[in-house]
Protein chains: 4
Amino acid sequence: MEKIKVLDKGYVELVDFFGGDKAVAMAARISYMSKSNSIEEDKRLIELLAKLGHESPFEHIVFTFHIKAPIFVARQWMRHRIASINERSGRFTEFEDEFYVPPDERSENSSKVMEESMKNAFETYNLLISRGVKKEVARMVLPLSLYTEWYWTINARSLMNFLNQRADSHAQYEIQRYAVAVARCFQISCPVTYSAFVKNLYKGNLLEI
Amino acid sequence: MEKIKVLDKGYVELVDFFGGDKAVAMAARISYMSKSNSIEEDKRLIELLAKLGHESPFEHIVFTFHIKAPIFVARQWMRHRIASINERSGRFTEFEDEFYVPPDERSENSSKVMEESMKNAFETYNLLISRGVKKEVARMVLPLSLYTEWYWTINARSLMNFLNQRADSHAQYEIQRYAVAVARCFQISCPVTYSAFVKNLYKGNLLEI
Amino acid sequence: MEKIKVLDKGYVELVDFFGGDKAVAMAARISYMSKSNSIEEDKRLIELLAKLGHESPFEHIVFTFHIKAPIFVARQWMRHRIASINERSGRFTEFEDEFYVPPDERSENSSKVMEESMKNAFETYNLLISRGVKKEVARMVLPLSLYTEWYWTINARSLMNFLNQRADSHAQYEIQRYAVAVARCFQISCPVTYSAFVKNLYKGNLLEI
Amino acid sequence: MEKIKVLDKGYVELVDFFGGDKAVAMAARISYMSKSNSIEEDKRLIELLAKLGHESPFEHIVFTFHIKAPIFVARQWMRHRIASINERSGRFTEFEDEFYVPPDERSENSSKVMEESMKNAFETYNLLISRGVKKEVARMVLPLSLYTEWYWTINARSLMNFLNQRADSHAQYEIQRYAVAVARCFQISCPVTYSAFVKNLYKGNLLEI
């Protein structure tokens, strides 16, 4: 489906989603045992749910994303507990020379220095591997800018919480970029729910309808 | 999709599912950054995950069910926390005369007595409603055998736990019937994962491959 | 500790709590590796956390309550998933003649009618038990007003969410009464956190500082 | 309370716990509305719960730990979702020169090389800080062996799952050492529950009674 590049070597890819706007309306209607008559009615209902803060029907939309991001971003990401994650293992796979090097605006013109340091660390990693050191031990010298990958399955309610925290200028710049890309996938797949969220429940300051 | 009758007036309906066997293999392979070459390989991998108790990849399969069941069954059901539920409201909808009447084998030939009692309760409910008593108050006289309905979204790992507890002869007979129907939906939609579960992780005694 | 009567035969009892206001400040300070110098400073910090919506430190306060409430209240209660519950079993214990009878203001002067109906149901229950019907079957005729009991362990963050939903005039009157009693226990045990919550995070309209 | 050194510079400290063995017995007894007559009876009950896999009463014991561990250990640790964490921030605090250097047995006699690499990274970090680079950016060059700290509040049921995964020879050596220290705190504070766990529910191969 959608694949969006983020930072210098990362991405957010929407692998699959299910339920969609329809599932929200369906789940909400069971409270009243009512039926949907039109897409327009569903839209008004979803708006109302967001307005009143009735968030439980949003749990029936579920997304699976494939994310590639630096480890310091992954660390912030995985603090969101209501989600399912399977990540690349540093015990079982050997890493490539893939690091996030922040642009000069972010590093007070020290990007070169940073890149140098990451390369040196990677050379040590390679040396250790060549000496027969286990991957799980050798990787201890690798920097937090190293890219990793994971699958992330999350329902729309928990995703909204993620966006409230991370698609906001108080979050670190790098995870902001990911959060905006995630939001874009949400918008494309569930336009009504996304719009109801941004208008009524969103607490950050980076997303627009 | 699948709709299976359970007890005298209830059912289990698989509304939708996503991920399926494929998603399990995909999520598991990211640990090793390996690719699938064949369905046969995926099958062996899924078997192995179940055997070793590596259950996290099963979270990337998600189901939505529509359930109709008596309230005493709903009460046992909703103790399973890792799932999303929207249920018919007794505050906002008026109930019909729909009760579970256990067969004579379950009630020492007292089914008539039980049905009579439920009917009397329902007549009182109707009387109260006609007197202008709020639905949320009137329903307090209704019995635990009253049928209710809900949507239930749950991932396969949490579903396995549900089946371990409820598709077992230690569970109450009525929820056993529901659990077996849920398992059937699981089997039809994700045959490889279902079979790996029953062979390796299932702790109950009602399910077979 | 605190035990508060609720409705005609129910109660909320704070069995134990841990962490308290101190634990919130301690957990929050680790972000900055700072130390507390005074209770006044802790107080200002807790206020700030609530104001900024930094709720995770509130998870380090944990309460255990003993609750006695009618089943229709228990049903609303147990939809709050981030908590631990052990409840009296209707399969293994025989129920007493304990029902919630709403006052006449709630029942349009039909309290007598309701009580009568509940008594009739209980007589049938007794009859069934005397005929050798299993408790788990006989209880199906019992009404939703039947009292049950449970232990409830929950952290302060999840408790705040419970209060936002249930200590509010949109909730059903009966659970409102319980929520207010729960809030009272919260206030007594963690006065600073409670006050910061009510001022900054509380969305309902029944609680005051 | 208990503070146990782990690896070269880390530790596990039990800050507080609540409930204890008593809470498990109390919570379990409510199912049957029975009372405890003696510590001996409680002990037999707790053993039985573990034997039958009735794990929910274990949720009423809750621990708070203070952990100091390398980031690669923290990454494995924080995949356990049913727990509450507040961690030192690399955005708001400046790191010290504290890295885990694995002993020569773990590094094929390359410990010196590893330490050198870590020191170089730290010098770059210092240089970046001195140039006015933000802490959140500068830390990207720091290695996964860097020590971090967090508070961890977790109930005994979830802790048992942590021990099943991490107090086992399949886990990485370093987290094994932490898991064994955590288990020791569990044993000291809740001896009956700990012993029932190890005898009946423990799937790993490092713990003994």
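Chain naming here is simple, since letters A, B, ... match the order of the sequence lines and numbering starts at 1 in each.
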Is there a side-chain contact (heavy atoms from CB on, under 4.5 Å) between V113(A) and R131(D) once you walk through the steps? CA-CA 11 Å; V113(A) 174; R131(D) 286 192 183 178; 3.6 Å; yes

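- For the residue pair V141(A) and S117(D), the shortest heavy atom distance occurs at CB-OG, 3.9 Å.
- Comparing E174(A), E87(A), E116(A) by how many heavy-atom pairs each has under 4.5 Å with chain D, the most go to E87(A).
- Other residues, nucleotides and ligands contribute only 12 or fewer heavy atoms inside 6.0 Å of the CD1 atom of I82(A).
- Of the two parts of E123(D), neither the backbone nor the side chain holds a non-hydrogen atom closer than 4.5 Å to a non-hydrogen atom of chain A.
- When heavy atoms are compared at a cutoff of 4.5 Å, M118(D) approaches chain A solely by way of its side chain, counted from C-beta outward.
- Heavy-atom proximity under 4.5 angstrom to chain A picks out R91(D), Y100(D), P102(D) from residues 89-104 of chain D.
- Looking at T124(D), only its side chain comes within 4.5 Å of chain A, counting heavy atoms on both sides.
- Residue L127(D) touches chain A through its side chain alone, counting heavy-atom pairs closer than 4.5 Å.
- With a 4.5 Å cut-off on non-hydrogen atoms, S84(D) touches chain A through its backbone and its side chain both.
- Residue R139(D) touches chain A through both its backbone and its side chain, counting heavy-atom pairs closer than 4.5 Å.
- Using a 4.0 Å cut-off between charged side-chain N and carboxylate O, K134(A) and E108(D) make no salt bridge.
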Quick one, R106(A) with E136(D), criterion side-chain contact (heavy atoms from CB on, under 4.5 Å). Give me CA distance, side-chain angles, the key distance, then yes/no. CA-CA 10 Å; R106(A) 282 283 282 158; E136(D) 71 182 27; 3.0 Å; yes

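- In this structure, K9(D) places its NZ atom where more than 12 heavy-atom neighbours from other residues, nucleotides or ligands lie under 6.0 Å away.
- Nearest approach of S110(D) to V133(A), heavy atoms of both residues: OG-CG2, 4.1 Å.
- Nearest heavy atom pair, residue V137(D) against residue M114(A), reads O-CE, 3.3 Å.
- Using non-hydrogen atoms only and a strict 4.5 Å limit, no part of residues 199-209 of chain D faces chain A.
- Between the side chain of R81(A) and the main chain of A83(D), a donor-acceptor pair closer than 3.5 Å is present.
- For a residue to count as touching a neighbouring chain, one of its non-hydrogen atoms must lie under 4.5 Å from one of that chain's; by this rule I85(D) touches chain A with backbone and side chain alike.
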Are L144(A) and I71(D) close enough, and set up right, to give a side-chain contact (heavy atoms from CB on, under 4.5 Å), and what steps lead you there? CA-CA 9 Å; L144(A) 295 171; I71(D) 285 179; 4.0 Å; yes

